[in-house]
Amino acid sequence: MTVFDFVKMHFGDSSAQYLRNIRMGGNNNRKGCEYETSYAVFKICDIAANELNLDDFIVSYQQDAFVDDICVQQISNSSRINYQAKNSNGTAADWNDDIKNRFDLQRQIDMEFHKCNDSLQILLVSCPNKKAANGNKIPSNMRNFCFSEYFPYYKSIATL
């Protein structure tokens, strides 16, 4: 069974189509891709510097997922951290109903489809003010698995 089959079965045809559309948008955003790549490099370096068993981690991006930009999976404890990266200081980086819905659906997919023990969803933003504002907008019942995190935009991997 694919994740698309799972979404269609549990959330309906419109959610499955929405998931397909999310994937298409991710493929066409060059600036966003640069931001995602910089963060992925940062996470890989962070893991390499701080973890003893590198084979325990999988870092991927642009998965078939509602939170699709970057995923850090730790195999030994069956956990996933999913990142939705927004390289913007405008409304595109706001916590809103769409992000809330996507984070909620992704957590369900991680727990039920991927059989994870833990699943975190992070709205990654390139503006520290957005991070602070978003943190205040996350509903209290989601604050144990949803976060907003700041990571600056670097124009090239070399400057990172």
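Positions are given from 1 along the sequence. Quick note: numbers below take in every heavy atom, side chains included, and nothing from hydrogens, waters or symmetry partners.
In this structure, CG on Asn129 lies 8.5 Å from CG on Asn89, to the nearest 0.5 angstrom. Residue Ser79 holds its OG atom at 13.0 Å from NE2 of His114, rounded to the nearest 0.5 Å. Taking CD of Glu112 as the start and OG of Ser119 as the end, the distance is 11.0 Å to the nearest 0.5 Å. Between the CD1 atom of Ile70 and the CD atom of Gln63 there is a distance of 11.0 Å, given to the nearest 0.5 Å. With rounding to the nearest 0.5 angstrom, the CD1 atom of Ile109 is 5.0 Å from the CZ atom of Phe66. If you take CZ on Phe147 and CG on Asn134, they are separated by 13.5 Å, rounding to the nearest 0.5 Å.
There is a path of hydrophobic side-chain contacts, each under 4.5 Å, that joins Val59 to Val67. Cluster annotation: Leu54 and Ile58 are assigned to distinct hydrophobic clusters (Ile/Leu/Val/Met/Phe/Trp/Tyr, side-chain heavy-atom contacts under 4.5 Å, transitive). By the criterion of side-chain heavy atoms lying less than 4.5 angstrom apart, applied directly or through intervening Ile, Leu, Val, Met, Phe, Trp or Tyr residues, Ile44 is grouped together with Tyr83 in one hydrophobic cluster. Both Tyr61 and Ile47 are part of a single hydrophobic cluster, where members link through side-chain heavy atoms under 4.5 Å apart. Under the 4.5 Å side-chain contact rule for hydrophobic residues, Val41 and Tyr154 share a cluster.
The shortest side-chain heavy-atom distance between Tyr153 and Cys127 does not fall under the 4.5 Å cut-off. Within the 4.5 Å cutoff, the side chain of Gln121 has no heavy atoms near those of the Met142 side chain. Between Gln106 and Leu120, every side-chain heavy-atom pair lies at or beyond the 4.5 Å cut-off. With contacts defined as side-chain heavy-atom distances shorter than 4.5 Å, the pair Ile99/Leu123 qualifies. Counting only heavy atoms from C-beta outward, the side chains of Phe11 and Leu19 never approach each other to under 4.5 Å. Residues Glu51 and Phe57 meet the side-chain proximity criterion, which asks for heavy atoms closer than 4.5 Å. The side-chain heavy atoms of Gln84 and Asp68, taken from C-beta on, include a pair separated by under 4.5 Å.
Counting all heavy atoms, side chain and backbone alike, Gly90 lies closest to Ser88 at N-OG, 2.8 Å. Smallest separation of non-hydrogen atoms from Ser78 and Lys115: OG-O, 3.1 Å. The two residues Arg143 and Asn136 come nearest to each other via the heavy atoms NH2-O, 3.2 Å.
Residue pairs meeting the salt bridge (Lys or Arg N to Asp or Glu O under 4.0 Å) criterion with at least one partner in residues 40-49, sequence neighbours excluded, are Lys43-Asp46. The salt bridge (Lys or Arg N to Asp or Glu O under 4.0 Å) contacts involving residues 73-99 comprise Arg80-Asp110, Asp94-Lys130, Asp98-Arg102, where partners must be two or more places apart or lie in separate chains.
Not counting sequence neighbours, the partners of Asp13 by the salt bridge (charged side-chain N to carboxylate O under 4.0 Å, His left out) test are Lys8.
Side chains of Glu34 and Tyr39: no donor on one and acceptor on the other come within 3.5 Å. For the residue pair Gln17/Ser14, the side-chain donor-acceptor check at 3.5 Å is not satisfied. With hydrogens and angles left out, the side-chain atoms of Glu36 and Gln62 include a donor and acceptor closer than 3.5 Å.
Phe103 and Trp95 have perpendicular rings, their planes meeting at more than 60° on a 0 to 90° scale where under 30° would count as parallel.
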